[in-house]
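Report on the following structure.
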Amino acid sequence: MKTLKELQEARAALLAEAAKAETTADRLAEIRKQVDGLNLAITELRKDEAEAAAKEERDAARPANGGAPAPTPVIVHDDAKVDAQKRTAENAEAVEKRAKSLKSGEKTTLEHRAVASSSTALGTVASGDIAPAFEQVGTLDKLVNELHLEGTGAESYKKPFAKNIAEGGITKEGADYHTAEPTFDYASINKVKITAYAEVNEEVEKLPAARYVAEIESAVIGALRKKIIGQIIDGSGTDELVGIINAPTSIITTAQRKTVATIDENTLDSLIFKYGGDEDVEGDAYIVLNKLTLEEFAKVKGSDKRRAYDIVVRGNTGTINGIPFVCTSKLAAFGAVTAGNPYLIYGKLKGYELAYFADIEVTKSSDYKFKQGVTAFKASVFVGGSPAMYNGFMTVQKAAGTQETKTNAETPKTGD
């Protein structure tokens, strides 16, 4: 079994090869598949570490053998357990090191992949005298396709994608073969710097290392992630990420911009059957919407006065009639959106490519508000992103209602 370090080195070598200009599209696809596999293996390894650490905490807090005399020990050498304990110890050592660096005011690099899961969990964990706020970040950035280019030195990235498969034709004997060339394109992903600034009171400095690091990461990484999520939705592409709403027509055609004036019992069917290619009804697409738009679906009643939609909620995710959804405040709610603007996105979230070009850098200062006992942290990360699947997303905009149109028409112009 490979170690975490070996997996990371293998991934870095593949990403370095992908960044080379001479790498072919076929090789890029092969590299991408290998990197996805390595990312999965790294995630599982980190998950094992977290579970092992949690188990050790529980075991330490529980009286041995229910308080009864311990049985005669049987020594069994378990390689997997030894490896897990070793990884847990290394992780604890890394946390202590980061905490020491942060507290001493040194610039610190936080590997985004190492802190993402703990940052997400902080929304439901309290520590000592610090109570968590309601979740304010969301999870949309964790559902798109992440690409890690840390350490490659890349300034940009191109993701190729297929557009169309042509159809063959009937050909007479001796005549030229019918032209049926497939078409391809690529999404350009350029590096953008996102920054965040956070202030915490000096009581945080007294927390133990693990909790101290977690609180700081929650403050600065949460701020960075909120911005990234907003960029995934509507980044302009000019010195910003390319948002789904503003994707060029070479990636998302105008036909994929739908207009739905009301949310009724047919809205979901309209999305499902109008999305995707000519042959399949796609089964792994997500609905992206504001929490208050989800409420509009909940209000729809059938002829029997029962809810027309079966909605299951799990935090900011869930299902509507079995179709997965994710809520984000970065999309305007149906009731508040102006006519002609989108309030809902439907599509395959893995069709959005989010590239991390560097780990997060965090620096600390206690000078600015020394008198108030406030410590300031600033953080930055280089990322890029774009939809990278042809017509992988459908956006739904609101139409102007009859009454709204009439009111606007009757409003006298200034000076009349």
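In this structure the side chain of Leu289 reaches within 4.5 angstrom of the side chain of Phe325, judged on heavy atoms. Between Gln256 and Lys274 the shortest side-chain heavy-atom distance does not fall below 4.5 Å. Residues Ile345 and Leu331 meet the side-chain proximity criterion, which asks for heavy atoms closer than 4.5 Å.
A distance of 11.5 Å separates NZ in Lys330 from CD1 in Ile228, rounded to the nearest 0.5 Å. Going from atom SG of Cys327 over to atom CD of Glu295 covers 11.0 Å, rounded to the nearest 0.5 Å. For the atom pair CG of Asp234 and OG1 of Thr395, the computed distance is 12.0 Å after rounding to the nearest 0.5 Å. Going from atom CG of Asp310 over to atom OG1 of Thr319 covers 6.5 Å, rounded to the nearest 0.5 Å. Going from atom CG of Leu140 over to atom OG1 of Thr317 covers 11.5 Å, rounded to the nearest 0.5 Å.
By the 30° and 60° cut-offs, the orientation of the rings of Tyr390 relative to Phe161 is parallel. Between Tyr356 and His148, the ring-plane angle classifies as parallel under the 30° and 60° cut-offs.
Using modelled atom types and a 3.5 Å distance limit, the side chains of Thr253 and Asn391 yield a donor-acceptor pair. Defined by atom type and a distance below 3.5 Å, a donor-acceptor pair is present between the side-chain atoms of Tyr197 and Glu199. Side-chain polar atoms of Thr328 and Asn290 form no donor-acceptor pair below 3.5 angstrom. Side-chain contact annotation: Glu353 with Ser386, donor-acceptor N/O pair under 3.5 Å absent.
Cation-pi geometry between Lys348 and Phe393 is not met at under 6.0 angstrom from the ring centre and within 45 degrees of the axis.
In this structure, Gly384 and Leu241 approach most closely via the heavy-atom pair C-CG, 3.8 Å. Closest approach of Phe334 and Ala261 over heavy atoms only: CZ-O, 3.3 Å.
Heavy-atom neighbours of Asp304 CG from other residues, nucleotides or ligands within 6.0 Å: above the threshold of 12. For Asp269, the CG atom is densely surrounded, since the number of other residues' heavy atoms within 6.0 Å is greater than 12.
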